[in-house]
Amino acid sequence: MQCQRCGKNIGSDTRCTFCGYENIDGNVREMTVTEKNFYDGVTIDTGESNDQRRKNYSKANSNFSRRTIYTSSDSGIFSRIIDKILFGLINNEKVAKIAMTLIAVAVGALMFFVALPILFLMLAIGIALFVISRLGR
């Protein structure tokens, strides 16, 4: 290992014998929660792969749900609601599933009770105009 201050080789010691600098704070640090979630290697502290750690974590915390924090560049109320629903679906939340089901039912009802009658009304007006144009000849 090299001293971070003077660059001399200090072996496995943490204190540099040349300049006296304590080389403990270096680049080694604890991973953040996000880094831990997306890291696929083997960590020093546990000696297990990330998949094993996730399984052990999910077994130990099976009563807790995992949350993803996401910020959108658009600050509109509808975009925030859609973001929360989509990321709730990604995180397998029941409330998001219920909200998505209700939205799908609402869109289906809108199509059935609004768009379909308008289509039939336009079709009836078209037939009436066709009949009137044929009678006028």
Side-chain angles (χ1 to χ4, degrees):
M1 183 166 98
Q2 288 186 336
C3 176
Q4 295 175 358
R5 182 186 290 169
C6 66
K8 302 277 187 183
N9 188 6
I10 58 173
S12 61
D13 295 333
T14 56
R15 180 175 293 277
C16 179
T17 56
F18 299 101
C19 68
Y21 183 73
E22 188 72 33
N23 291 281
I24 56 171
D25 57 341
N27 293 331
V28 178
R29 62 177 173 77
E30 186 177 350
M31 287 193 277
T32 64
V33 174
T34 306
E35 289 172 332
K36 286 180 183 178
N37 287 336
F38 291 106
Y39 182 71
D40 287 330
V42 176
T43 58
I44 295 171
D45 58 344
T46 61
E48 58 189 16
S49 70
N50 196 34
D51 291 333
Q52 291 169 336
R53 188 177 52 78
R54 283 185 190 154
K55 287 176 186 174
N56 292 340
Y57 179 79
S58 64
K59 287 178 187 175
N61 298 309
S62 60
N63 295 334
F64 301 104
S65 64
R66 183 175 159 219
R67 304 263 180 204
T68 300
I69 298 172
Y70 176 78
T71 56
S72 176
S73 60
D74 186 7
S75 61
I77 184 75
F78 292 114
S79 64
R80 287 195 305 249
I81 291 171
I82 290 170
D83 284 346
K84 286 184 180 186
I85 291 172
L86 290 177
F87 284 97
L89 288 173
I90 290 171
N91 290 330
N92 204 19
E93 295 179 3
K94 287 183 182 179
V95 175
K97 288 180 180 180
I98 292 169
M100 197 62 190
T101 304
L102 290 175
I103 289 171
V105 168
V107 168
L110 181 73
M111 290 296 168
F112 186 75
F113 291 112
V114 176
L116 194 60
I118 290 174
L119 182 67
F120 284 140
L121 182 65
M122 290 173 51
L123 184 63
I125 291 172
I127 291 172
L129 288 175
F130 179 75
V131 170
I132 290 172
S133 69
R134 289 290 180 178
L135 290 176
R137 286 186 180 182

Using residues 97-118 as the side-chain source, report each donor-acceptor pair under 3.5 Å to any protein atom, sequence neighbours left out, with the distance given to one decimal.
unit_1	atom_1	unit_2	atom_2	d
Lys97	NZ	Asn92	OD1	2.7
Thr101	OG1	Lys97	O	2.8

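When side chains are defined from C-beta on, Leu123 does not count as touching Leu119, because their heavy atoms never get closer than 4.5 Å.
Taken to the nearest 0.5 Å, the CG atom of Leu86 stands 11.5 Å off from the CG atom of Asn91.
Not counting sequence neighbours, the partners of Leu121 by the side chain to side chain contact (heavy atoms under 4.5 Å, CB included) test are Ile125.
Ile85 and Phe78 fall within the same hydrophobic cluster, where Ile, Leu, Val, Met, Phe, Trp and Tyr residues are linked whenever their side-chain heavy atoms come under 4.5 Å apart, directly or through other members.
Counting all heavy atoms, side chain and backbone alike, Ala96 lies closest to Gly88 at CB-C, 3.5 Å.
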